2 protein chains.
Amino acid sequence: MMAPMARAATTSDVFNAIAEPQRREILALLRSGERPVTELAQELGMTQPRASKHLRVLREVGLVRDRKAGKQRLYGLDARGLRPIHEWTGGFERFWNESFDRLDAYVQDIKQARQEGSNR
Amino acid sequence: MMAPMARAATTSDVFNAIAEPQRREILALLRSGERPVTELAQELGMTQPRASKHLRVLREVGLVRDRKAGKQRLYGLDARGLRPIHEWTGGFERFWNESFDRLDAYVQDIKQARQEGSNR
DNA sequence: TTGACGCATGCCCATATCGGCATATGATGG
DNA sequence: CCATCATATGCCGATATGGGCATGCGTCAA
């Protein structure tokens with residue numbers, strides 16, 4: 001028997017990587033070009049170690065690449081990994097477009113309100 | 001002064017909600033219609049409490065709605081919240097489409113490999 | 001009213017994260 | 001080889017999270 005496993009693998013997965021606001025900021029910033037860690041950290045107002053750690057996660061899931069440039073190490077965007085997410089969410093597009101959405105949701109609310117009201 | 005804050009708010013945010021594989025499964029399943037917790041749990045092979053907890057997270061970020069139906073409680077999809085994510089990732093579309101992508105990445109790899117090789 | 005059913009919660013454990021800080025590692029120019 | 005700049009890591013603290021299990025709660029049918 002083993003101790004009750006606690007979590008079900010979250011890291012090392014793109015969905016998780018972009019769940020962190022700061023990592024999203026990093027990715028957004030990298031759209032305008034490669035940058036060394038220090039610069040990124042400064043532009044985003046975070047300490048260098050912090051930026052490095054986030055970059056590490058991003059690198060591990062393949063969202064950024066790094067290459068040596070003299071004394072520095074330039075980080076660049078590799079957005080290919082975002083595509084699966086774009087597509088996954090895209091699979092729900094019809095659900096947020098259908099009239100079903102605003103209208104039906106509204107109707108549901110009314111119904112439910114009425115129901116709960118008569119229950120009290 | 002206060003104790004060193006540790007995390008930077010992750011929950012209660014859609015990006016985080018869908019970072020959990022099982023929650024994505026739930027959403028996917030709900031595309032085919034409303035369902036009570038028990039049924040969801042069974043179809044996904046998870047215990048009822050577990051399903052309930054995931055549903056709670058999804059409800060809190062607005063990705064699912066629930067309405068009472070007799071003795072049961074039906075959960076339904078409300079995909080509107082996924083749209084921002086679709087759009088956010090869409091903002092990187094040109095980056096995974098440009099030739100820059102496969103070709104340039106390839107070139108970078110070569111360059112780097114050569115560099116590292118000569119460093120050893 | 002009472003039992004049974006359906007679902008939400010509370011509590012506990014084990015672990016994953018984030019952040020800060022100090023420090024190890026690397027690479028560069030003398 | 002050394003001082004120095006640029007980064008990556010290690011370690012610790014605080015906390016969020018996921019899961020199991022038992023149980024509370026509300027609702028419906030007798």
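Just so you know, these numbers use all the heavy atoms, side chains as well, and skip hydrogens, waters and symmetry mates. Bear in mind that the values here come from a model prediction, so they are computed numbers and not experimental data. Quick note on labels: first sequence line is chain A, next is B, and so on, each numbered from 1.
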Could you note down all residue pairs passing ring pair (Phe, Tyr, Trp, His ring centres under 6.0 Å) where residues 20-62 of chain B supplies at least one of them, sequence neighbours left out? none
If I take atom OH in residue A/Y75 and atom C1' in nucleotide D/dT7, what distance separates them, rounded to the nearest angstrom? 8 Å
For DNA chain C, determine which residues of residues 35-53 of chain A have any heavy atom closer than 4.0 angstrom to one of its atoms, and list them numerically. A/T47, A/P49, A/R50, A/K53
List the residues meeting side chain to side chain donor-acceptor pair (under 3.5 Å) with B/R24, not counting sequence neighbours, and say none if there are none. none
Step through it carefully: locate the ring centre of A/W88, locate the ring centre of B/H86, and say whether they are under 6.0 Å apart. no
Ignoring the backbone of A/Q72, work out which of D/dG19, D/dT7, C/dT9 is nearest its side chain. D/dT7
Quick note, B/Q22 side chain, CB onward, closest among D/dT9, C/dA8, D/dG18 is D/dG18
Rounded off to whole Å, could you give me the CD1-to-P distance for the B/I26 and D/dG18 pair? 11 Å
Counterpart residues, side chain to side chain donor-acceptor pair (under 3.5 Å), relative to A/E25 (two or more places apart): none
From CZ of A/R56 over to C1' of C/dT25, roughly how many Å is that when rounded to an integer? 14 Å
Run B/L29 and B/I26 through side-chain contact (heavy atoms from CB on, under 4.5 Å) and show every step you take. CA-CA 5 Å; B/L29 198 48; B/I26 290 180; 5.7 Å; no
Whole angstrom is fine here: how far is it from CZ in A/R24 over to P in C/dC18? 12 Å
B/D66 CG to C/dG6 C1', in whole Å, measures 13 Å
Whole angstrom value for the distance that separates C1' of D/dC28 from CZ of B/R73: 15 Å
Write down the distance between NZ (B/K68) and C1' (D/dC25), rounded to a whole number of angstrom. 12 Å
For A/K71 and for B/L74, locate the closest nucleotide of DNA chain C by heavy-atom distance; then report the residue assigned to the nucleotide nearer the 5' terminus. B/L74
Give the rounded distance in Å between these two atoms: CG of B/L55 and P of D/dG19. 12 Å
Go through the structure and list residues passing side-chain contact (heavy atoms from CB on, under 4.5 Å) with B/E87, not counting sequence neighbours. B/R83
Using the side chain to side chain donor-acceptor pair (under 3.5 Å) criterion, which residues pair with B/E43? Sequence neighbours excluded. B/R35
